Amino acid sequence: MTRFFHYLRCAESRNLCRTKGGHISNIKIKRVYDTESPDDGYRVLVDRLWPRGVKKENLHYDLWAKDLAPSPELREWFHEDPENRWDSFTERYTGELSSSQSVKDFIRTAGSHKVITLLYAAKDSDHNHAGILKTYLEQKI
């Protein structure tokens, strides 16, 4: 059987989608402080630390995947100088993802969900680990 991947733009979410054997895996990112939506699908909290000011009973999430977050050492190093360390952080975090068994396990199960929303708490929506993780997962799933 020939495997084929077809990439298309999702009109609603503007996220990259991939059809793989009839299943669509749409990966989105969203701040934990944003309103929950039925379109979020499988909601995965990808921060190692619980988000400030959020009660556990008030956050709807299906999985808290702490091990998908950057290592504490890498996170602390990045936060010392985020403006100048973004490119290095991206490379280092991608390296952590590549060697992580937790990421490999997540990738095996992620394909069973049509939509996955990665939840993060960072204020900067452009420079945070969830965006890097999304890109990495899109390449692997």
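Start at 1 with the first residue, then count along the sequence. Values in this document were obtained by computation on a predicted structure and should not be read as measured data.
- Side-chain atoms of L49 and R75, non-hydrogen and from C-beta on, do get closer than 4.5 Å to each other.
- Here the OG1-NZ distance, from T135 to K140, works out to 12.5 Å after rounding to the nearest 0.5 Å.
- Counting non-hydrogen atoms of neighbouring residues, nucleotides and ligands closer than 6.0 angstrom, the CD atom of E57 exceeds 12 such neighbours.
- A single hydrophobic cluster is seen to contain both I132 and I116, as judged by linkage of ILVMFWY side chains at heavy-atom distances under 4.5 Å, directly or through other members.
- Put simply, the side chain of D39 reaches to within 4.5 Å of the side chain of K28, judged on heavy atoms.
- Residues R52 and Y33 share a closest heavy-atom pair of O-OH, 3.0 Å.
- When all heavy atoms of P70 and F89 are compared, the pair lying nearest together is CG-CZ, 3.7 Å.
- Here the closest heavy-atom approach between residue R43 and residue H60 is recorded as NE-O, 2.6 Å.
- For the pair H129/D47, a side-chain contact is recorded, criterion being any heavy-atom separation below 4.5 Å from C-beta on.
- Rounded to the nearest 0.5 angstrom, I29 CD1 and L133 CG are separated by 9.5 Å.
- Residues K123 and R31 are in side-chain contact: their nearest non-hydrogen atoms beyond the backbone lie under 4.5 Å apart.
- You'll find the side chain of L137 reaches within 4.5 Å of the side chain of L118, heavy atoms only.
- Residues L68 and L97 share a closest heavy-atom pair of O-CD2, 3.9 Å.
- Looking at N128, its side chain does come within 3.5 Å of a backbone N or O of D124 through a donor-acceptor pair.
- Looking at heavy atoms from C-beta onward, I141 lies out of side-chain contact with Q139 at the 4.5 angstrom threshold.
- A ring-ring contact (aromatic ring centres under 6.0 Å, His included) with H127 holds for exactly one of F78, W86, Y120; it is W86.
- Scanning both residues, V46 and A69, for their nearest heavy atoms gives O-CB, 3.2 Å.
- In terms of modelled atom types and a separation under 3.5 Å, the side chain of K30 and the main chain of T35 share a donor-acceptor contact.
- A distance of 7.5 Å separates CG of L63 from OG1 of T109, quoted to the nearest 0.5 Å.
- Electrostatic pairing of E96 and R92 does not count as a salt bridge here, judged by no charged N lying under 4.0 Å from a carboxylate O.
- The shortest heavy-atom contact between D62 and G41 is OD2-O, 3.7 Å.
- Taking the six-membered ring where tryptophan is involved, the planes of Y61 and W64 are perpendicular, since the angle between them exceeds 60° and thus also 30°.
- Under a hydrophobic clustering in which Ile, Leu, Val, Met, Phe, Trp and Tyr are joined whenever their side-chain heavy atoms come within less than 4.5 Å, directly or via other members, L119 and I27 fall into different clusters.
- Between Y42 and H113, the ring planes lie parallel to each other; the angle is under 30°, not in the 30° to 60° tilted range.
- In this structure, K66 NZ and W50 CH2 are separated by 9.5 Å, a value rounded to the nearest 0.5 Å.
- Looking at R85, its side chain never comes within 3.5 Å of a backbone N or O of E80 through a donor-acceptor pair.
- Residues Y93 and L45 do not share a hydrophobic cluster, clusters being chains of Ile/Leu/Val/Met/Phe/Trp/Tyr side chains in contact below 4.5 Å.
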